[in-house]
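Quick notes on the structure that follows.
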Number of protein chains: 2
Amino acid sequence: MNPSAPDTAIEIGLAAAVVTVERSNPQILVARTDETGSVEVPSGRFDPLAHRTLEIGLRDFVAAQTGLGLGYVEQLYTFGDRGRAAGEADMPRVVSIGYLALTRIDGQAKTLPPEARFRPWYGFFPWEDWRGGRPRILDTIQPLLDEWAADVVAERADSERRALSRAARVRLSFGIDGAPWDEEKVLDRYELLYEAGLIVEALHDVRPAALARDKLPALGEPMAYDHRRILATAMGRLRAKLKYRPVVFELLPPTFTLTTLQSTVEAISGRHVHKQNFRRLVENGALVEPTGEQTTTRGRPAALFRFRRDVLQERPAPGLRLGTRG
Amino acid sequence: MNPSAPDTAIEIGLAAAVVTVERSNPQILVARTDETGSVEVPSGRFDPLAHRTLEIGLRDFVAAQTGLGLGYVEQLYTFGDRGRAAGEADMPRVVSIGYLALTRIDGQAKTLPPEARFRPWYGFFPWEDWRGGRPRILDTIQPLLDEWAADVVAERADSERRALSRAARVRLSFGIDGAPWDEEKVLDRYELLYEAGLIVEALHDVRPAALARDKLPALGEPMAYDHRRILATAMGRLRAKLKYRPVVFELLPPTFTLTTLQSTVEAISGRHVHKQNFRRLVENGALVEPTGEQTTTRGRPAALFRFRRDVLQERPAPGLRLGTRG
DNA sequence: GTAATAGTGTCTTTCAGACAGTATGAC
DNA sequence: GTCATACTGTCTGAAAGACACTATTAC
């Protein structure tokens, strides 16, 4: 019933996008830097003898490479395309499973091994941070994407496979010409830039479209292998999940002010949210409860809150339904 | 940096949950029946030499085993837990990647090979069909789950790992004691029944909890390997996706009546939806447009509609936001 | 007419989005 | 008092949810 045993070895790579937020800045855990200067996230080859489940394997790799114990972990996607794992023709085929993990920064950052550190997420995806308005870098990106979309010869070739034209995909992913910016489409945008050959990682892959290396604009810091793709998947998923699961609290200390909560949400979603509406949502939604304590920073002291664990038992999908306007 | 090469072979299994809806009944494509009488969905071992991508491999398996060409395909999840792939200790470890595919039934069903056929989805998950009110089988399931939840000794052991108690999980997944029924939690429910040892497939796995085989209630038809788990994942995803992507149309012919559209949605989500609100959503949401044609069945003729492909370019997440009440 | 199915019209409640203010502390 | 930050009250308009009614065909 099944074909005969394949004679190419298959390896399963596990990779973790470990996210935290430090003072309004999303950070991603990198485990090391390779010879070419590209950073790698914690990752390794799955060994069924050593690891009872995939997730256990992943946790082990993160612990071994960075010393960090993970809390929340979620599988994202399994990538298997040849040519995108930086492998040569006769090397074993690597299928990589990406994970999202959330952690609090606490004191842990201090105890990281020398190679490992947390790096700002938006350094890898500068076009994703709209907190200060439309990011400048889009002025560089847009004309290049338009040029790619206008390449009619190539367009005809791939239009058979795809329902949407290149131009339409650019418009929708990047929210131009009246299309709204959808902060969840992180992966779509990355893949589009990749296909258009504007991403350094694509150089060895999408030959015809790619610009020469020295003509490539600097579109965020590259990563090794397909790690930046996994990161894009992670952020897209996290941005989506924020809205229907109480995942933000995995990133916050046990007690926090509403302002901290809000700016953490803004940090991840990359956009401002409306302050009054946000507070109303959080309090009416009974997601948090006051501890009675207050902070003492400069300015008016803020009330401290904690996550109300009970919501999990009350409502089916408790999250922070964010509006579209800040 | 990585551990040395593992000496256990790894295999990647691909399996497809191919869904269609025939006259208000969701169907699932089974490719064959094994020696013990369990059915299997189209599946096979991924061979990197033969298949450029995972998805191409999957499409090939479905085509080879059932003759069906797939349209919409989506990756679901990668399962890797030992003991749940029905493998013995020294057999290669199988990691299985589940896919959801949607297809129209058309004439294709007629041309299926003898072993393959479409089978009603709710035959495998009888507790998921609430279109006729609360399914009777829950009267059998509930006391058994309650008993399992009341097993305090076992509870203590796993409460360290889990945030929610067994009782709370039962309550939330199955919507009892005032908790609402969430039709998307298909996998949660299946996993709970599995853990409680009430599912035939669990017999070789969760020893202590399991009832003796002959005392097991008939909780839906079993499947080979982890195929029923993949099915549960598929239906959960499909039920969720219905609400924010225009996926129903993949299951319908090019033109259809609003009643057909509604009953297809109801078939998948397993609950009734409010007729007027549904029509308002569909028409105001500009998801469909009238063709001008009409049907001639008995009763008043119905106007025919087609999917408005343009919505894909207009709105970020066009779907059929269903209410909670029918 | 009756059975069968298709297709309104409109009220109420909820909630997202927006406005512009007031409160409390450190210095 | 000034600066800085925290917090609140209330209007508006769009949808979700629910009500019951009318329309068009076959027989």
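A cation-pi arrangement is absent between A:Arg171 and A:Trp181, since the terminal nitrogen or guanidinium carbon is not both under 6.0 Å from the aromatic centre and inside a 45° cone about the axis. Taking the centre and axis of the six-membered ring of B:Trp130, the NZ or CZ atom of B:Arg136 falls outside the cone set by 45° and 6.0 Å.
At whole-Å resolution of the value, CD in A:Glu283 and P in D:dA6 are 14 Å apart. When the P atom of C:dG17 is taken as reference, atom NE2 of A:His274 falls 9 Å away, rounded to whole Å. Counting to the nearest Å, the P atom of C:dA18 and the CG atom of A:Leu281 are 13 Å from each other. One atom, CG of B:Leu261, and another, P of C:dG7, lie 12 Å apart when rounded to the nearest Å. Atom CD in A:Gln276 sits about 12 Å away from atom P in D:dG9, given to the nearest Å. If you take CD of A:Gln262 and C1' of D:dC7, they are 12 Å apart, rounded to a whole angstrom. Taking atom CD on B:Gln294 and atom P on D:dA23, their separation rounds to 16 Å, with Å as the unit. Here D:dA6 presents its P atom at 17 Å from CD of A:Glu293, a figure rounded to the nearest Å.
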Item to check | Working for side-chain contact (heavy atoms from CB on, under 4.5 Å), residues B:Leu304 and B:Gln294 | outcome: CA-CA 5 Å; B:Leu304 282 169; B:Gln294 293 209 323; 6.0 Å; no

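Base-pairing analysis of DNA chain D finds the following stems of at least three consecutive Watson-Crick or G-U pairs, with both pairing distances under 3.5 Å: C:1-27 with D:1-27.
Here the CD-OG1 distance, from B:Glu293 to B:Thr255, works out to 7.5 Å after rounding to the nearest 0.5 Å.
In the interface, the side chain of A:Arg280 is not paired with the base of D:dG9 through any donor and acceptor atom under 3.5 Å apart.
Around CZ of A:Arg134, the count of heavy atoms belonging to other residues, nucleotides or ligands within 6.0 Å exceeds 12.
You'll find that the side chain of A:Arg279 is closest to D:dA6, out of D:dG9, C:dT8, D:dA6. In this structure, the nucleotide among C:dG7, C:dA6, D:dT8 sitting nearest to the side chain of B:Leu258 is C:dG7.
Taking 4.0 Å as the cut-off between side-chain N and carboxylate O, A:Lys241 and A:Glu184 do not count as a salt-bridged pair.
Heavy atoms of A:Thr257 sit nowhere under 4.0 angstrom from any nucleic acid atom.
In terms of position on DNA chain C, the residue among A:Arg300 and A:Asn277 whose nearest nucleotide sits closer to the 5' end is A:Asn277. Residue order along DNA chain C, read from the 5' end via each residue's closest nucleotide, puts B:Gly299 first among B:Gly299 and B:Ala303.
A donor-acceptor pair under 3.5 Å is absent between the side-chain atoms of B:Arg279 and the main chain of B:Gln262, judged by distance alone.
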